[in-house]
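Below, chains carry the letters A, B, ... as their sequence lines are ordered, and counting in each starts from 1.
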Protein chains: 2
Amino acid sequence: MKLTSKGRYAVMALVDLARFDNINPVSLRDISLRQGISLDYLEQIFSKLKKNEIVKSIRGTQGGYVLNKNPNDIKLTNIFNAVDEKVKTVQCKKESKRGCNGKATKCITHNLWDELEIHINTFFENKSLKDLINNNKETRV
Amino acid sequence: MKLTSKGRYAVMALVDLARFDNINPVSLRDISLRQGISLDYLEQIFSKLKKNEIVKSIRGTQGGYVLNKNPNDIKLTNIFNAVDEKVKTVQCKKESKRGCNGKATKCITHNLWDELEIHINTFFENKSLKDLINNNKETRV
DNA sequence: TCTAAACTTGACCATTTTAGTCAGGTATGT
DNA sequence: ACATACCTGACTAAAATGGTCAAGTTTAGA
Ligand code: FES
Ligand code: FES
């Protein structure tokens, strides 16, 4: 089970953004330089964050991105959903009664994987961008 | 974040094994048929489970595999470690002081990923093969 | 003793996913 | 006008995944 860079970058970038957006919009270029993430890749990521109304964009010179919600209302779940970083412990469709590889029934360990998925998602639901900023301020002191 | 088939199969196969190993060793062929997992793939998986002393093998006709420990002592952690299904929330080496892509310091969200990794691993450490067999018996009643 | 069942080993491979790059745009403050 | 910064879509190298295939060795049982 690994977390992809896309998901990791999305959170990193938003934490960076949340720290600096008090005064002016923050440009991807700045985030790219500060966090060491490819600018082109960041653009793909922010395109999705924008579609999911997590950030707003301001075009033109001195433009950039701004948070579209209170940091307290942006949960990791929202961020990961936006960039398609979903937790998948199974291959079969959830809605379907059938199991993996088109088997007629769900597998013998199916409950376990459901539990696992819930366990991980709970973590994401309980963690907001605000937690991360605060957490980091503490570290800085 | 997704769980790979290798990890999922390993657990499925062991639960199957644990259910049937009371009397005779269980052949991979049987597991393959019952659980719908490729025999050749199962062989790869069991080779690793054996190296990690989770199962024992008995060769020849009527041979097969048997658990090498009490089901209560086989945690998901052990199984996943055996088949290299590790939880990785970061790319950088844990021991190193340096961050991802050879950066001089760890990233701004590093604590978060450590927390996440611990959160997931806790689940795996607290779940044993015995839990899974019992759990499933309940479901069967 | 012969044979078939079952473990053992290692190489090989097609497909998918990942983590980007590249090449063009378009909008806008100064 | 022009530099800055967002916007869009196509493309791709490298890695991971989920297997397959081939060629063994061991041993119970007929
Ligand atoms: S994981 Fe698909 S059937 Fe259980
Ligand atoms: S994840 Fe590698 S530096 Fe934080």
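Side-chain atoms of B:Glu53 and B:Asn68 form no donor-acceptor pair, as typed in the model, at a separation below 3.5 Å. Under the 3.5 Å distance criterion, with hydrogens and angles disregarded, no donor-acceptor pair is assigned to the side chains of B:Lys75 and B:Ser128.
For A:Thr61, taking side-chain heavy atoms from C-beta onward, the closest of the listed nucleotides D:dG18, D:dA3, D:dC7 is D:dA3. Side-chain atoms of B:Gln44 lie closest to D:dG19 of the nucleotides D:dG19, D:dC7, D:dG24.
D:dA28 atom P lies 13 Å from atom CG of B:Asn24, rounded to whole Å. In this structure, CG of B:Asp40 is placed 7 Å from C1' of D:dC21, rounded to the nearest angstrom. Rounding to whole angstrom units, OH of residue A:Tyr41 and P of D:dT8 are separated by 18 Å. Rounded to whole angstrom, the span from the CG atom of B:Leu3 across to the P atom of D:dT17 amounts to 11 Å. Between B:Ile37 atom CD1 and D:dG19 atom P there is a gap of 9 Å when expressed in whole angstrom units. Going from atom CG of A:Leu39 over to atom P of D:dC6 covers 8 Å, rounded to whole Å. With rounding to whole Å, A:Lys48 atom NZ is found 13 Å from D:dT8 atom P. Counting to the nearest Å, the P atom of D:dT26 and the CG atom of B:Leu28 are 18 Å from each other.
Rounding to the nearest 0.5 Å places NZ of B:Lys2 at 10.5 Å from CE of A:Met1. Going from atom CD1 of A:Ile120 over to atom OG1 of A:Thr77 covers 12.0 Å, rounded to the nearest 0.5 Å. The CZ atom of B:Phe123 sits 9.0 Å away from atom CD1 of A:Ile118, with the distance rounded to the nearest 0.5 Å. Taken from OH in B:Tyr9 to OG in B:Ser32, the straight-line distance is 10.5 Å, to the nearest 0.5 Å.
At the heavy-atom level, B:Thr4 lies under 4.0 Å from the strands shown only through sugar-phosphate atoms. Across all strands, B:Ser57 comes closer than 4.0 Å only to sugar-phosphate atoms, never to a base (heavy-atom distances). As judged by a 4.0 angstrom heavy-atom cut-off over every strand, A:Phe46 is placed among residues making no nucleic acid contact.
Remark: B:Tyr9 is not in phosphate contact with D:dT17, judged by side-chain N or O atoms under 4.0 Å from OP1 or OP2.
Nearest-nucleotide assignment on DNA chain D puts the 5′-proximal partner with A:Lys50, out of B:Gln62 and A:Lys50. Comparing A:Arg59 and B:Lys2 by the nucleotide of DNA chain C that holds the closest heavy atom to each, the one mapping nearer the 5' end is B:Lys2.
B:Glu117 has a carboxylate O that lies under 4.0 Å from a charged side-chain N of B:Lys94, or vice versa, which qualifies the two as a salt bridge. Contact check on A:Glu85 versus A:Arg8 returns no salt bridge, with no Lys/Arg side-chain nitrogen under 4.0 Å from an Asp/Glu carboxylate oxygen.
DNA chain C lies under 4.0 Å from no heavy atom of any residue of residues 83-106 of chain A.
Screening B:Asp16, B:Leu42, B:Leu28 for a side chain to side chain contact (heavy atoms under 4.5 Å, CB included) involving B:Ile37 leaves a single residue, B:Leu42.
Applying the 6.0 Å contact sphere to CD of A:Glu125 captures more than 12 heavy atoms from other residues, nucleotides or ligands.
Chain A approaches DNA chain C within less than 4.0 angstrom (heavy atoms of the protein), and the contacting nucleotides run 5' to 3' from C:dT18 to C:dG29.
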